[in-house]
Protein chains: 2
Amino acid sequence: MGTGQTVGHPDDADLTRADSLAREIFSGVANKWALLIINALADRTLRFTEVRTAVDGISHKMLTQTLRGLERDGVVHRTVYATVPPRVEYRLTEAGEGLLATVDGMCAWTHRYLAEIEAARSRFDARS
Amino acid sequence: MGTGQTVGHPDDADLTRADSLAREIFSGVANKWALLIINALADRTLRFTEVRTAVDGISHKMLTQTLRGLERDGVVHRTVYATVPPRVEYRLTEAGEGLLATVDGMCAWTHRYLAEIEAARSRFDARS
DNA sequence: CAGTATCCTTCGAGATACTG
DNA sequence: CAGTATCTCGAAGGATACTG
């Protein structure tokens, strides 16, 4: 993957210049809505509307759209109950659980550095 | 943070409904260019142009823009050498290193599930 | 309730040109 | 080389309305 100039990483977790499929998948998943949805599905199965509430701020459209993408990539599983009114449930697949670990890491990081980041911003904004 | 309906997470790594600053920071960092840049700076200090090459696909504008954001949040450190021609180097801060772990996780995840995702896509696309 | 479709606006982001 | 400044366009994304 690296072209030879990528040294230092024993096991290659590098994505700069990686093949296009890997890049595409990474890019598709590296967006806030996707990650926020995964985070919301962390430990429970949720219905469409519940996800919408949990993620809050997301529009109806973005929700379906992102959910479709995640379903297509096998990150979330979609179960439709043929009742009326319809009931659709979303839950993480095994791959989704794998990603969740990462998302948790980002959340933890955010909280861990919250204060420092705020301070850094003040400093940065001060000299401008 | 959770409102009480968020059960199951012993330590709260939840961001749904989190306070706006946390959400904003998370959102700022949860984008592919930021993560790709952090990934590129994994183990080396890079100059502006080198980052551009490493990340490839990123435009000049997005690079400066994203780099500024990361600098502002204290994720990357920017060193300017008053030479001519100018020389500017970027490296991860401690906070940046912290995020790197997460990014590495996402890269690893991508590679780990690459085949499965490809298969999932075929299945999904087949029935449509 | 879950989802699709449509319209319409905003702004993300590329291209280009210019400065220190 | 590194960076800012414009201009421009296309797509992302919100609001609304309609269907099974």
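Letters A, B, ... mirror the listed sequences (proteins, then strands); counts begin at 1.
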Using atom types as modelled and distance alone, determine if a side-chain donor or acceptor of E50(B) lies under 3.5 Å from a backbone N or O of R47(B). yes
Backbone N/O of G74(A) and side chain of T93(A): donor-acceptor pair under 3.5 Å: yes
Spacing between L36(A) atom CG and dG13(D) atom P, to the nearest angstrom: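 So the CG-P distance, L36(A) to dG13(D), works out to 13 Å.
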Atom pair distance, as rounded to whole Å: CD in Q65(A) and P in dG13(D): 7 Å
So Y81(B), base contact, sugar-phosphate only, or nothing? Heavy-atom distance under 4.0 Å.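 No contact at all - Y81(B) keeps every heavy atom at 4.0 Å or more from the nucleic acid.
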Select base, sugar-phosphate, or nothing to describe what R52(A) touches, counting heavy atoms under 4.0 Å on all strands. nothing
Kindly express the pairing pattern of DNA chain D in dot-bracket notation, using | wherever a base pairs with another strand and counting only Watson-Crick or G-U pairs under 3.5 Å. ||||||||||||||||||||
Go through the side-chain N and O atoms of Y113(A) and E94(B) and say whether any donor and acceptor fall under 3.5 Å apart. yes
Below 4.0 angstrom, N of the basic side chain to O of the carboxylate: do [X] and [Y] qualify?
X	Y	value
R121(B)	E71(A)	no
R23(B)	D56(A)	yes
R87(B)	E89(B)	yes

Give me the first and last nucleotide of DNA chain C, going 5' to 3', that has any atom under 4.0 Å from a heavy atom of chain B.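 That gives a stretch of dA13(C) to dG20(C).
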Of K61(A) and L67(A), the one whose closest DNA chain C nucleotide lies more 5': L67(A)
Let me spell it out: for each of P85(A) and V80(B), pick the nucleotide of DNA chain D with the closest heavy atom. Which residue's pick is nearer the 5' end?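 The residue closer to the strand's 5' end, by nearest nucleotide, is V80(B).
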Please tell me whether H111(B) and F26(A) form a close aromatic pair, meaning their ring centres lie under 6.0 Å apart. no
Restricting to non-hydrogen atoms, name the atom on M62(A) and the atom on I58(A) that form the minimum distance, rounded to 0.1 Å.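 That closest heavy-atom pairing would be CB-CG1, 3.7 Å.
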